[in-house]
There are 2 protein chains.
Amino acid sequence: MEQNRRPSAAPLSGLERSTLRELLIHGPKSRAEIARELGMSRASLTRVTRTLIEQGLIADGPLELRGATGRPSEVLRIRPEGRRFLGVKLTSDRLFAVVTDLAAQAQAAYDEPLVSQSVEDAVAQIGGVYERLAAEHPGIEAVGIGLAGDVVSKGGQQILLESPFLGWREVPLAELVSERVGLPATAENDTRALTAAEHWFGVGAGYESMVLITVGTGVGVGIVVDGKVVTGANGKAGNLEHLPVEPTGPRCDRGHRGCLVAYLANAAIVGALRTPGLDYASVLQLARNGDPAARQAFRDAGHALGVLAATLANTMDPEKIVITGDGIAVTELAREELDAAIAANRHPDGAPIALDIQPFEFDEWARAGAVLAIRDFLRF
Amino acid sequence: MEQNRRPSAAPLSGLERSTLRELLIHGPKSRAEIARELGMSRASLTRVTRTLIEQGLIADGPLELRGATGRPSEVLRIRPEGRRFLGVKLTSDRLFAVVTDLAAQAQAAYDEPLVSQSVEDAVAQIGGVYERLAAEHPGIEAVGIGLAGDVVSKGGQQILLESPFLGWREVPLAELVSERVGLPATAENDTRALTAAEHWFGVGAGYESMVLITVGTGVGVGIVVDGKVVTGANGKAGNLEHLPVEPTGPRCDRGHRGCLVAYLANAAIVGALRTPGLDYASVLQLARNGDPAARQAFRDAGHALGVLAATLANTMDPEKIVITGDGIAVTELAREELDAAIAANRHPDGAPIALDIQPFEFDEWARAGAVLAIRDFLRF
DNA sequence: TCGAGTTTGTCAACTAATGAAACGAAGTTG
DNA sequence: CAACTTCGTTTCATTAGTTGACAAACTCGA
């Protein structure tokens, strides 16, 4: 294989980034097609693609696709190996990392316990993990970090306003990591990172708007409007954990009656059985074996999820709604209740919801961090 | 006064529009300030402002404001009279029109019954109203139309997908009107038009995100993210009329139990009294006079409004929430219930909501239409 | 009062991005 | 094989924007 060109520090121009995005999201295309898509002249695309090829980011496909008539077009495609990115996911006690290529394909994964919950230690630890992984996978271009917490960008700087799990407040995490590793770095809320990943590299690819719902320890919502992930003024968009579902229902840990998490979070499903010593996996097994109480807990959760999905569809009218997370089994065990709740709560004039249920592995979180870095690399 | 320059057909360049927007939304500013705000060089602003002054769109303020030291700056301000716009609001039986200047100040208002509900007649009637008003107010630059219905833009064209009140479907209303009057025309959902108006010329001025709630015949929600009004994939964003509030409550006309409109719409407040022959004005009077049933109806409505506001705040995390519409009295008669419902339904970690209650006159609707035209003129 | 300092607005020269037009390339079709 | 179509490239012009120098118009302090 041809040797990778030195990733010249030359930052990409606007059109170069758009072209790369187009190829990344919509797959191989000819210059003329991209030109039409982006509303640019073919001349510009000739120029732009030349520099992208020189930088080793795309390849001039030897394959030629058929148009009905006229000269056949040369199909351009991404060279995913042209760049590498480091994705990190922080939990309260562990650090997960993954190295991906430009197409967000994982090339290596690694995780270790957090040595402490202090910001300095975490930054140093990320630096260490970077060096360890960079030794085997040279050419990492940027770093993206996902974690539970509210991140906003003010004045061109990303600030982690608050992370309840880690106890951090007002931390310029991205900048600290960037200084430590000497590369561009981004930090974002983990749900929004996952939304970005699903939006570019998952079932949301190509849509201008979508909503992602994660079900698991908690319930998270990510919103994409106009091709961008919505952050909110305080980094708190999509905070629907306490959406009222049934005013007579069980209490959540914040004292609300019958709110969304009180039905839908994994712990809530376990708690509904009122049997000490159970965990989520065993309740899931019980439900699959037909245990009535367990099945009912999942049914209630499915109903709550449907209320959430319908409310979001009514609010945003997205092109697509994606459900994922490690509590995804609810969609399989309570599909009827889910659909019924959607039908009951969807605005009567609303179009049918394009619902997509995505299987989920835990390393998606770290991969989503890498997607942050990729999006940043392409300034989006 | 200096004579108006001929509105040269020369379309404004990007920076010209940005500059105009900046002055329009944030008020008078110096060239240097605008340059810093937009991240441009002062030289560019010299060039741009010259052409804007030549076009009669802004004026080089004779007044000079103080900076601490250095050469004083010349403050630029919009010349609102530099351009005129026609705003139209269509209801099922009437046409409301208003001529505004560039700052969305109404200069003339006019309304007449719709001659029929056919598209052709309505377009012809808008054309007639335009000619009538243009005779007295020459120099109208563009037309904006607000109406109840779902409008999406596909392929650079705005299509009215559906308007239940008028029975229209798949109508390229903007294009038809544009052909008829020979000017650029825009059509949009009336609530979104009002949101745009409030966002640029009302209490939302200067914010990147906001939510507007209209209370009246129906309940409408407009969402602004990233400075733009959210349309949704099918023009149905903000369709929260049937948000569940109390599962045991009264039925709405679509059969939902205890949903938002069943409490909050004017007709629902009237209906709650179960007394034939009443209208909204008389129920309002009763409530103001202390009638218990009327007060309770408003209290319930206030609660429902609070649930809506809290849900929207949780979903979007906007900088501001604005409530307006002809049913605005509920905020005054049930402020306690409103605030209590917000507190109860707001996410526990959410920041306090910046709530703004705006008085409302019916001709706001037509003015909002003109704002559509202004935004279109400034390509936003 | 006057010179030093500061910020504004302007001008001229330069740069980078893009489009228009013309053209050769590479196929299909009759 | 000639006519036609579409693609990719080249050349040249245009244009939006920057940089840097400079005069203008003020404040401040000696």
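All values below come from the heavy atoms of this structure, side chains included, with hydrogens, waters and symmetry mates left out. Note that the coordinates shown come from a computational prediction; the quantities given were computed from them, not determined experimentally. Residue numbers begin at 1 in each chain, while the letters A, B, ... track the order of the sequences.
- At the phosphate of C:dT6, neither OP1 nor OP2 sits under 4.0 Å from any side-chain N or O atom of B:Thr69.
- Between the side chain of B:Arg71 and the base of C:dT7, no donor-acceptor pair under 3.5 Å is found.
- Of the candidates C:dG19, C:dG9, D:dG17, C:dG19 carries the atom nearest the A:Met40 side chain, counting heavy atoms from C-beta on.
- Going from atom CD of B:Glu74 over to atom C1' of D:dA23 covers 13 Å, rounded to whole Å.
- OP1 or OP2 of C:dG19 lies within a sub-4.0 Å distance of a side-chain N or O belonging to A:Ser41.
- Counting any heavy atom pair closer than 4.0 Å across all strands shown, A:Arg31 reaches sugar-phosphate atoms only and no base atom.
- A close approach under 4.0 Å does occur between a side-chain nitrogen or oxygen of B:Ser44 and OP1 or OP2 of D:dT18.
- Between A:Ile58 atom CD1 and D:dG8 atom P there is a gap of 11 Å when expressed in whole angstrom units.
- Put simply, the side chain of B:Gln105 does not reach to within 4.5 Å of the side chain of B:Pro80, judged on heavy atoms.
- A:Arg42 has its CZ atom 12 Å from the C1' atom of C:dA25, to the nearest Å.
- At whole-Å resolution of the value, CZ in B:Arg36 and C1' in C:dT6 are 13 Å apart.
- Contacts of B:Ala43 with the nucleic acid, taken as non-hydrogen atoms under 4.0 Å apart, include base atoms.
- Between the CD1 atom of A:Ile34 and the P atom of D:dT9 there is a distance of 12 Å, rounded to whole Å.
- The shortest side-chain heavy-atom distance between B:Arg83 and B:Asp101 does not fall under the 4.5 Å cut-off.
- Between the P atom of C:dT8 and the CG atom of B:Leu45 lies a distance of 12 Å, rounded to the nearest Å.
- B:Arg47 places its CZ atom 13 Å from the C1' atom of C:dT15, with the value rounded to the nearest Å.
- Taking atom CG of residue B:Leu76 and atom C1' of nucleotide C:dT10, one finds them 14 Å apart after rounding to whole Å.
- Nucleic acid contact for A:Leu15: sugar-phosphate only, since backbone atoms but no base atoms lie under 4.0 Å from a heavy atom of the residue.
- Residues that satisfy the side-chain contact (heavy atoms from CB on, under 4.5 Å) test with B:Ala134, not counting sequence neighbours, are B:Tyr130, B:Ile140.
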